[in-house]
Number of protein chains: 2
Amino acid sequence: MPENKKYDIKVRLWIEEAEGPFLGIGKIWLLENIQKTGSITNAAKEMKMAYRQAWQLVEEMNKRAETPLVEKLLGGKGGGGARLTEAGERAITLFYEIEKRIKDFIEKETQNLKF
Amino acid sequence: MPENKKYDIKVRLWIEEAEGPFLGIGKIWLLENIQKTGSITNAAKEMKMAYRQAWQLVEEMNKRAETPLVEKLLGGKGGGGARLTEAGERAITLFYEIEKRIKDFIEKETQNLKF
DNA sequence: CATCAGTATTCCTTTTCAAACATACTGAAA
DNA sequence: TTTCAGTATGTTTGAAAAGGAATACTGATG
């Protein structure tokens, strides 16, 4: 009688666009942190990620979405900041919705895997 | 009227086990090539991957499956070789089955994404 | 018109991780 | 008992990505 290890299915999903991967869970987290902190700088700190990279991700998202997901405020009181556009907020919601549907499906459909 | 880019959902799935990721599409391809060529060396060549790495992947798979997926033949005429065990063959089938079910589901469930 | 905090951007260092290299080991068969 | 092709394994190298570090830019506000 074999010792019966436990195996389960993991899945990672992302939105793809003509030029390649467009939006995955990493960028979604970044969006959430921008929403929460009001700036790219603080979002990056929160995630222990370099500002440089966070900024690049935002650039890419904005360029490749039909309409920008993040609105950036330059200069002024507090130096500026960043906040989500409506499209940005919708992106978060939509992503999690899709993810949940898929994960629920997987949980239902796959059990007792053996290798 | 916006230019309507096309977005779709991509998914990558793998089998997870206590110690982490256990079996994804990369290892499945390796299994298939071992099956096809009869050795790790030739499978690796086929995939333009270093023998060393292919061998390590096989080791890992074998250790972490309940029963080895690849049987290795050492020395002898032709130097030996490798072939799939029954468990190895089942792994391939099972993996693709699960993948197909999930991808079909995604295709049905998600269309007209907008960002 | 100086300040200030966040955005924008370049450059350089470090880390990581894959690929390449090198070298034993194995055992059937001639 | 030599050959041979594949397995087994350590070491080295190198390229790409991540991670700082440094610097300029922006504009509301006092």
Side-chain angles (χ1 to χ4, degrees), chain A residues 12 14 19-65 67-85 87-88, chain B residues 12 14 19-65 67-85 87-88:
Chain A
R12 186 174 162 93
W14 67 93
E19 296 164 62
F22 160 61
L23 187 60
I25 188 65
K27 290 202 190 113
I28 291 293
W29 286 336
L30 179 56
L31 290 179
E32 292 179 299
N33 279 302
I34 289 172
Q35 184 171 49
K36 181 175 145 201
T37 65
S39 80
I40 298 178
T41 297
N42 289 322
K45 277 180 190 149
E46 198 86 0
M47 304 172 71
K48 292 175 201 302
M49 134 185 303
Y51 168 81
R52 180 195 160 67
Q53 191 189 354
W55 177 83
Q56 283 172 334
L57 294 175
V58 169
E59 282 299 289
E60 205 198 314
M61 276 190 267
N62 278 351
K63 285 214 182 81
R64 294 172 57 197
T67 176
L69 305 184
V70 177
E71 178 184 6
K72 290 177 281 182
L73 313 169
L74 205 67
K77 174 188 146 111
R83 64 174 172 234
L84 299 197
T85 62
Chain B
R12 185 173 162 93
W14 67 93
E19 295 162 63
F22 160 61
L23 187 59
I25 188 64
K27 290 203 190 110
I28 292 293
W29 285 337
L30 179 57
L31 289 179
E32 293 179 300
N33 278 303
I34 289 171
Q35 184 171 49
K36 180 174 144 200
T37 65
S39 79
I40 298 178
T41 296
N42 289 323
K45 276 179 191 148
E46 198 86 1
M47 303 172 70
K48 292 176 202 300
M49 135 184 302
Y51 167 80
R52 187 193 160 66
Q53 191 190 354
W55 176 85
Q56 283 172 332
L57 293 175
V58 169
E59 280 300 282
E60 205 198 314
M61 277 191 265
N62 278 350
K63 285 213 182 80
R64 294 173 57 196
T67 176
L69 305 185
V70 176
E71 179 183 8
K72 290 176 281 183
L73 312 169
L74 205 67
K77 173 187 147 114
R83 64 175 171 232
L84 299 196
T85 62

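Just so it is clear: chains get the letters A, B, ... in the order the sequence lines come, proteins before strands, and each one is counted from 1. No experiment lies behind these values; they were computed from the predicted model shown.
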| Base, sugar-phosphate, or nothing for B:Gly80, non-hydrogen atoms under 4.0 angstrom? | sugar-phosphate

| Nearest nucleotide by nearest heavy atom, which residue falls closer to the 5' end of DNA chain D, A:Gly78 or A:Gln53? | A:Gln53

| Just how far, in rounded Å, is P of D:dA24 from CG of A:Leu74? | 17 Å

| said: On the nucleotide D:dT7, are OP1 or OP2 found under 4.0 Å from the side-chain N or O atoms that B:Trp55 carries? | reply: no

| query | What integer distance in Å separates A:Lys72:NZ from D:dA28:C1'? | reply | 19 Å

| task | Grab the CG-C1' distance between A:Asn62 and C:dT7 for me, whole Å please. | result | 13 Å

| said: Please find the pair of heavy atoms, one from B:Gly88 and one from B:Leu31, that lie closest to each other, and give the distance. | reply: O-CD1, 4.2 Å

| said: C:dG27, OP1 or OP2 - any side-chain N/O from B:Lys77 closer than 4.0 Å? | reply: no

| Once you round to the nearest 0.5 Å, how far does CD1 of A:Ile34 lie from CD1 of A:Ile40? | 5.0 Å

| Heavy-atom donor-acceptor pair, A:Arg52 side-chain to C:dT10 base, under 3.5 Å | yes

| request: In whole angstrom, give the distance that lies between atom CE of B:Met49 and atom P of D:dT7. | output: 14 Å

| task | Might you work through the side-chain contact (heavy atoms from CB on, under 4.5 Å) test for A:Leu30 and A:Met61, ending with a clear yes or no? | result | CA-CA 11 Å; A:Leu30 179 56; A:Met61 276 190 267; 4.1 Å; yes

| Atom NZ of B:Lys45 and atom C1' of C:dA20: how far apart are they, to the nearest Å? | 15 Å

| task | Take atom OH of B:Tyr51 and atom P of C:dA24, then tell me their distance rounded to the nearest Å. | result | 17 Å

| Taking atom P of D:dG6 as reference, at what distance in whole Å does atom CD1 of B:Ile34 sit? | 13 Å

| said: So, taking the atom named CZ in B:Arg64 and the one named CG in B:Leu23, what distance separates them when rounded to the nearest 0.5 Å? | reply: 9.5 Å

| Just checking B:Thr41: base, sugar-phosphate only, or nothing, at a heavy-atom cut-off of under 4.0 Å? | base

